Amino acid sequence: MQNSKLDRTFFERPVLEVAPELLGKILVRKTDQGIISGKIVETEAYVGEEDLACHARNGKTERNKVMYGAAGHIYIYLIYGMYYNFNIVTAKEHVPEAVLIRALEPVGGIEFARENLRNFGRVRSDKDFMKGPGKLCAALNLDKTFYDEDITDSDRVWVEDPFLCHSDRLRRATSGGISFFNKFKIETSKRIGIDYADIYRDKLWRFTIKDNKFVSQ
DNA sequence: ACATGGATTCGCT
DNA sequence: GCGAATCCATGTT
């Protein structure tokens with residue numbers, strides 16, 4: 001099998017290039033239960049210290065320091081005391097950019113994902129269970145132990161390009177009626193939940209697959 | 001030390 | 001459409 005895992009060169013570019021290109025890629029999570037995976041259908045770009053919606057807006061802190069490091073590392077944080085949000089760091093070192101993964105179209109390990117959600121505190125929905133940044137973290141059992149993990153060199157979470165992937169596992173998944181090879185259109189819109197961010201609230205830095213029913217909202 | 005509020009989700013009105 | 005759940009990083013005293 002050829003290596004279809006996205007490498008550091010993919011992430012080591014400006015976040016406004018990486019965020020839309022992640023659409024259609026497969027986020028894969030290997031757990032004790034088995035493999036859980038989903039197609040990325042919604043992302044948001046957070047664009048450095050200047051972007052008043054970005055956690056780096058006030059400079060480097062204990063929480064956001066990973067954003068200043070190498071591309072491909074994971075920035076995950078607790079929000080509202082009960083959910084995690086999962087980001088991948090982009091750009092060169094010292095440039096604090098990241099992509100928030102906001103929704104997945106379920107691909108594999110769907111029963112494991114349901115189980116994780118039912119076991120998780122407030123998230124009880126067992127449909128649309130990867131729709132929304134907090135829910136997809138619960139579904140994939142992603143927590144703070146993933147902080148700073150290198151997604152290009154991890155054995156428990158990575159991103160695959162389905163156009164390059166010839167593994168039996170993904171072929172099986174794609175034979176279930178979900179086609180990865182359909183062309184799709186990318187829509188841009190305003191980012192969710194950042195009304196405090198002055199002029200940056202209106203930037204069209206949310207990227208979604210047009211008409212995909214697993215996009216949030 | 002302390003107060004604040006958030007890149008969310010759900011359930012009820 | 002709105003309030004609650006629930007925690008801790010961050011900014012302020």
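Nothing here was measured: the structure is a model prediction, and the numbers come from that model. Atom set for the values below is all heavy atoms of this structure, side chains included, hydrogens, waters and symmetry mates excluded. Labels below follow one simple rule: chain letters A, B, ... track the order of the sequence lines, proteins then strands, and each chain is numbered from 1.
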Asks: For C:dT6, give its Watson-Crick or G-U wobble partner with both distances under 3.5 Å, or none.
Replies: none

Asks: Name the pairing partner of B:dA7, where a pair is Watson-Crick or G-U wobble with both distances under 3.5 Å, or state none.
Replies: none

Asks: Using only side-chain N and O atoms of A:Lys144, determine if any of them is under 4.0 Å from OP1 or OP2 of C:dC8.
Replies: no

Asks: Can you tell which of B:dA7, B:dT9, C:dT10 lies closest to the side chain of A:Met67?
Replies: B:dA7

Asks: If I take atom CG in residue A:Asn85 and atom C1' in nucleotide B:dT9, what distance separates them, rounded to the nearest angstrom?
Replies: 11 Å

Asks: Quick one: is B:dT8 close enough that its OP1 or OP2 comes under 4.0 Å of any side-chain N or O from A:Arg102?
Replies: yes

Asks: Return the value, rounded to whole Å, for the distance between atom CD1 of A:Ile76 and atom P of B:dT8.
Replies: 14 Å

Asks: Expressed as a whole number of angstroms, how long is the span from A:His55:NE2 to B:dG5:C1'?
Replies: 11 Å

Asks: Do A:Lys65's NZ or CZ and the ring of A:Tyr68 fall within the cation-pi criteria of under 6.0 Å and 45°?
Replies: no

Asks: Any chance you could measure A:Leu117, atom CG, to A:Lys127, atom NZ, to the nearest 0.5 Å?
Replies: 12.5 Å

Asks: Whole angstrom is fine here: how far is it from CG in A:Asn64 over to C1' in C:dG11?
Replies: 14 Å

Asks: Phosphate oxygens OP1/OP2 of C:dT10: is one of them under 4.0 Å from a side-chain N or O of A:Thr61?
Replies: yes

Asks: If I take atom CG in residue A:Leu78 and atom P in nucleotide B:dT9, what distance separates them, rounded to the nearest angstrom?
Replies: 13 Å

Asks: Can you tell which of B:dT9, B:dA7, C:dA5 lies closest to the side chain of A:Met82?
Replies: C:dA5

Asks: Kindly say whether, by distance alone, the side chain of A:Tyr77 makes a donor-acceptor pair under 3.5 Å with the base of C:dA9?
Replies: no

Asks: Should the side chain of A:Arg124 and the base of B:dC10 be counted as holding a donor-acceptor pair, with the cut-off at 3.5 Å?
Replies: no

Asks: What about A:Tyr77 and A:His55, are their ring centers closer than 6.0 Å?
Replies: yes

Asks: Please confirm whether A:Tyr84 and A:Phe86 have ring centers closer than 6.0 angstrom.
Replies: no

Asks: Is the aromatic ring of A:Tyr80 within stacking range of C:dA5, meaning centres under 5.5 angstrom and planes under 30 degrees?
Replies: no

Asks: Tell me: CD1 of A:Ile101 to P of B:dT8, nearest whole Å?
Replies: 14 Å

Asks: State whether A:Phe10 and A:Arg13 meet the cation-pi test: NZ (Lys) or CZ (Arg) under 6.0 Å from the six-membered ring centroid, and within 45° of the perpendicular axis.
Replies: yes

Asks: Looking at C:dT10, B:dA7, B:dT9, which one has an atom nearest to any side-chain atom of A:Arg63?
Replies: C:dT10

Asks: Would you classify A:Ile194 as touching base, sugar-phosphate or nothing, given that sugar-phosphate means primed atoms plus P, OP1 and OP2, and contacts are heavy atoms under 4.0 Å?
Replies: sugar-phosphate

Asks: Could you give the distance separating C:dT6 and B:dC2 at their P atoms, to the nearest angstrom?
Replies: 23 Å

Asks: Which value, in whole Å, describes the distance between the P atoms of nucleotides B:dG6 and C:dC2?
Replies: 16 Å

Asks: Under 4.0 Å: is that the gap between some side-chain N or O of A:Tyr196 and OP1 or OP2 of B:dA7?
Replies: yes

Asks: It should be established whether A:Asn58 places a side-chain nitrogen or oxygen under 4.0 Å from OP1 or OP2 of nucleotide C:dG11.
Replies: yes

Asks: Pick base, sugar-phosphate or nothing for A:Gly81, based on heavy-atom distances below 4.0 Å to the nucleic acid.
Replies: base

Asks: Whole angstrom is fine here: how far is it from CZ in A:Arg122 over to P in B:dC12?
Replies: 11 Å

Asks: Could you state the atom-to-atom distance from CD1 of A:Ile79 to C1' of B:dT4 in whole Å?
Replies: 13 Å

Asks: Do A:Lys135's NZ or CZ and the ring of A:Phe129 fall within the cation-pi criteria of under 6.0 Å and 45°?
Replies: no

